[in-house]
Student: 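Shown below is the structure under consideration.
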Amino acid sequence: MPELPEVETARSLIADQALHRRIVDVDDSDSYVVRPHPPGELRNALAGRSLIAAHRRGKTIWLETSGTGDPATPGGPELGIHLGMSGRIVVTGPDGSVAEGGDPPYRYSARPARAVWNRFTLTFADGGSLVLRDPRRLGRVRLNPDIGVLGPDAAQVTPAEFRALITRGTIAVKARLLDQSKIAGIGNLLADEILWQAKVSPLARVSTLSSAQVNRLYRALKSVLESASAEGGAHTGAIIAARHPGGTCPRDGAPMVHGVVGGRSTWWCSREQALRAGQR
Ligand SMILES: [Zn+2]
């Protein structure tokens with residue numbers, strides 16, 4: 001699943017290669033991916049405009065569009081894109097060159113890309129295109145997405161914001177890390193990696209976290225995001241190889257434990273991430 005680092009590769013690809021190209025056609029015929037818009041509504045809203053800026057908060061991308069007259073001036077709606085569980089952005093240049101960003105390609109690389117995976121397409125006047133390619137069809141495209149429902153971006157959140165957002169209430173800390181309305185951008189793999197780096201049990205109630213634990217979580221968040229971004233995504237984390245029955249902690253060799261926390265499959269070190277008394 002694309003988490004913050006993967007979504008950022010898609011955003012930066014769009015910023016580098018898809019801006020200031022006039023949109024002449026829009027294939028928005030997949031009524032599920034464009035819901036609640038009826039097919040044709042995005043085409044009517046976007047044809048004749050250009051993308052002029054690419055933003056991201058958490059796992060949501062939104063693109064500013066120009067007016068239909070001067071392609072350099074704003075005036076169009078914002079185009080929101082969410083990559084869902086398996087979405088990639090494919091940008092084709094005027095010369096036919098193809099570049100991709102988003103969900104790591106390895107998961108589907110055994111099979112050639114199929115045209116049916118192309119869920120939404122902008123065709124540019126220069127002959128190139130921007131495509132949302134999404135095998136599992138859980139991505140989403142919509143006009144004027146409500147970014148205000150998202151918490152601060154995980155890569156931007158300050159220590160004070162993090163402390164306030166992470167410790168309120170009594171939910172398990174893993175579930176809180178996954179709550180996009182509190183901190184945006186952390187998915188299942190990043191959450192497990194952050195908790196392991198910080199040596200905090202995923203089951204610990206947020207109200208019971210010590211100051212030292214919150215500080216370790218914040219430092220782990222920053223370092224995990226940095227290394228995942230540098231190395232190509234959340235799947236490059238240190239405990240990925242240990243996420244299986246019989247897996248052992250890469251730090252101390254203790255058995256890894258599995259459970260479902262916050263509705264997601266979770267792995268943690270039985271020794272270093274043991275639940276402390278009073279934290280359940
Ligand atoms: Zn360990």
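All values below were derived from every heavy atom in this structure, side-chain atoms included, with hydrogens, water molecules and symmetry-related copies excluded. For ligands, and for the atoms within them, numbers begin at 1 and follow the listed sequence.
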Student: Give me the protein N, O or S atoms that fall under 2.8 Å of the Zn ion (ligand 1), sorted by chain and residue number.
Tutor: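 Listed by chain and number: Cys249 SG, Asp252 OD1, Cys269 SG, Glu272 OE1.
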Student: How about Arg216: does its CZ atom have over 12 heavy atoms from other parts shown lying under 6.0 Å from it?
Tutor: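 Above 12, so yes.
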Student: Which pairs, with at least one residue in residues 57-67 and sequence neighbours excluded, count as a side-chain hydrogen bond (donor to acceptor under 3.5 Å, both in side chains)?
Tutor: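 Those involving residues 57-67 are His55-Glu64.
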Student: To the closest 0.5 Å, what do you measure between CZ (Phe120) and CG (Asp27)?
Tutor: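 Going from the CZ atom of Phe120 to the CG atom of Asp27 covers 8.5 Å.
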Student: Quick one: salt bridge (charged side-chain N to carboxylate O under 4.0 Å, His left out) partners of Arg21, sequence neighbours excluded?
Tutor: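 For Arg21 the salt bridge (charged side-chain N to carboxylate O under 4.0 Å, His left out) partners, ignoring immediate neighbours, are Asp126.
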Student: Does atom CZ of Arg35 have more than 12 heavy-atom neighbours from other groups under 6.0 Å away?
Tutor: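 Above 12, so yes.
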Student: Is there any side-chain hydrogen bond (donor to acceptor under 3.5 Å, both in side chains) pair reaching into residues 180-197, and which pairs are they, with sequence neighbours excluded?
Tutor: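 Passing the test, one end in residues 180-197: Lys174-Asn188, Lys174-Asp192, Asp179-Ser181, Asp179-Lys182, Asp192-Arg243, Glu193-Gln197.
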